[in-house]
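Read through the structure below, which is laid out as structure tokens, and then see the notes.
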Amino acid sequence: MDSDISVYIAGPGDGDVVGEIHAESWKVAYAGFFGDGFFGEAVERRRGQWGAKLLAESEKTCLVAELGGKPLAFSFFGAVADRAGVAEIFGCYGHPAGWGSGVAGALMSATVDRIRADGEFERIRLWTLRDTPQARRFYVKSGFSESGAVRTYDFGDGTPIAQVEYEMLLRQQ
């Protein structure tokens with residue numbers, strides 16, 4: 001890991017930082033998927049939701065990666081409630097200012113290491129939009145592979161969007 005990149009566990013006081021990363025990433029990566037009215041509200045919702053979310057969801061972990069002291073990426077993960085031995089990365093976002101810097105790769109490595117160190121998981125899964133080739137390449141580069149599972153997800157505007165599942169086996173099941 002680059003010596004200027006550090007990763008730490010976020011707490012409720014990091015809600016504004018995580019929200020800013022989430023909102024700015026969404027503004028660039030997801031703009032073409034939603035109508036303007038809904039999209040603007042969705043970005044602002046992501047900006048403001050994290051303080052309460054980090055406080056309320058204590059069974060999940062949020063890691064923040066910073067480059068040169070500036071927070072630029074976060075991951076949010078935990079156990080899948082109905083699937084023993086499976087951890088899910090519920091969100092992994094990088095601020096556009098950090099794209100190409102290596103901070104997202106360092107964060108993903110730290111996330112996988114943290115899940116592996118827990119010792120209770122055999123597999124990690126995550127879902128990403130089918131039509132986001134940059135994100136899909138990033139997950140493959142990070143050691144994930146497509147599982148073949150596809151689902152649709154409605155982000156709240158009434159339009160289901162296709163997502164594909166990626167997985168990483170930590171040990172044989």
Side-chain angles (χ1 to χ4, degrees), residues 1-34 39-80 87-121 123-129 131-145 155-156 163 166-168 170:
M1 178 169 16
D2 184 312
S3 61
D4 286 345
I5 298 174
S6 60
V7 178
Y8 64 90
I9 298 172
D14 294 306
D16 288 345
V17 166
V18 172
E20 181 69 14
I21 295 167
H22 198 182
E24 292 304 310
S25 177
W26 251 66
K27 279 172 50 177
V28 175
Y30 289 37
F33 292 96
F34 306 100
F39 186 68
E41 291 172 15
V43 167
E44 289 312 307
R45 192 168 44 256
R46 277 147 186 80
R47 190 178 312 280
Q49 74 184 0
W50 282 96
K53 190 174 192 100
L54 291 172
L55 186 60
E57 301 204 39
S58 60
E59 74 282 356
K60 296 183 177 88
T61 301
C62 183
L63 296 181
V64 174
E66 41 182 42
L67 175 62
K70 180 171 177 51
L72 291 172
F74 80 92
S75 64
F76 188 63
F77 56 92
V80 175
E88 183 164 343
I89 299 173
F90 302 106
C92 184
Y93 293 92
H95 192 289
W99 291 358
S101 69
V103 72
L107 173 66
M108 185 56 78
S109 293
T111 300
V112 169
D113 289 349
R114 173 91 183 199
I115 293 169
R116 182 179 282 122
D118 185 282
E120 75 175 88
F121 300 107
R123 180 170 85 100
I124 304 170
R125 78 173 186 193
L126 60 87
W127 294 90
T128 193
L129 298 183
D131 297 326
T132 53
Q134 184 175 355
R136 294 177 72 179
R137 284 190 301 273
F138 171 75
Y139 294 128
V140 169
K141 184 178 177 182
S142 298
F144 288 82
S145 57
F155 284 86
Q163 294 183 313
Y166 281 77
E167 67 180 352
M168 177 187 287
L170 298 176

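Atom set for the values below is all heavy atoms of this structure, side chains included, hydrogens, waters and symmetry mates excluded. One-based numbering along the sequence shown.
L170 CG to I124 CD1: the interatomic distance, rounded to the nearest 0.5 Å, is 4.0 Å. Rounded to the nearest 0.5 angstrom, L67 CG and S101 OG are separated by 5.0 Å. To the nearest 0.5 Å, the span separating CZ on F74 from CD on E20 amounts to 11.5 Å. E66 CD to H95 NE2: the interatomic distance, rounded to the nearest 0.5 Å, is 14.0 Å. Interatomic distance, I21 CD1 to R47 CZ, rounded to the nearest 0.5 Å: 11.5 Å. The OH atom of Y139 sits 5.5 Å away from the CG atom of L126 when rounded to the nearest 0.5 Å.
Ring planes of Y93 and H22: tilted class, angle from 30 to 60°. The aromatic rings of F34 and Y30 lie parallel to each other, with less than 30° between the two planes, well short of the 60° mark.
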Derivation and outcome, side chain to side chain contact (heavy atoms under 4.5 Å, CB included), residues W26 and F155: CA-CA 12 Å; W26 251 66; F155 284 86; 3.7 Å; yes
Step-by-step side chain to side chain contact (heavy atoms under 4.5 Å, CB included) determination, I115 to I89: CA-CA 10 Å; I115 293 169; I89 299 173; 4.3 Å; yes
Intermediate values then yes/no, side chain to side chain contact (heavy atoms under 4.5 Å, CB included), W50 and F76: CA-CA 11 Å; W50 282 96; F76 188 63; 3.7 Å; yes
Test log, rule side chain to side chain contact (heavy atoms under 4.5 Å, CB included), inputs D14 and Y8: CA-CA 11 Å; D14 294 306; Y8 64 90; 3.7 Å; yes
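At a threshold of 4.0 Å, the pair E167-R125 does not count as salt-bridged, since none of the basic side-chain nitrogens sits closer than that to a carboxylate oxygen.
When every heavy atom of A79 is checked against every heavy atom of F90, the shortest pair comes out as O-CZ, 4.0 Å. Counting all heavy atoms, side chain and backbone alike, S75 lies closest to L107 at N-CD2, 3.6 Å. Closest approach of L54 and P12 over heavy atoms only: CB-CA, 3.9 Å. G98 and V103 get closest at one heavy-atom pair: O-CG1, 3.9 Å. Residues P96 and S25 approach most closely at CD-N, 3.9 Å, considering heavy atoms. Scanning both residues, I5 and A106, for their nearest heavy atoms gives CG2-CB, 3.7 Å.
With contacts defined as side-chain heavy-atom distances shorter than 4.5 Å, the pair C62/V18 qualifies. Residues I9 and R114 meet the side-chain proximity criterion, which asks for heavy atoms closer than 4.5 Å.
More than 12 non-hydrogen atoms from other residues, nucleotides or ligands lie less than 6.0 angstrom from CG of D131.
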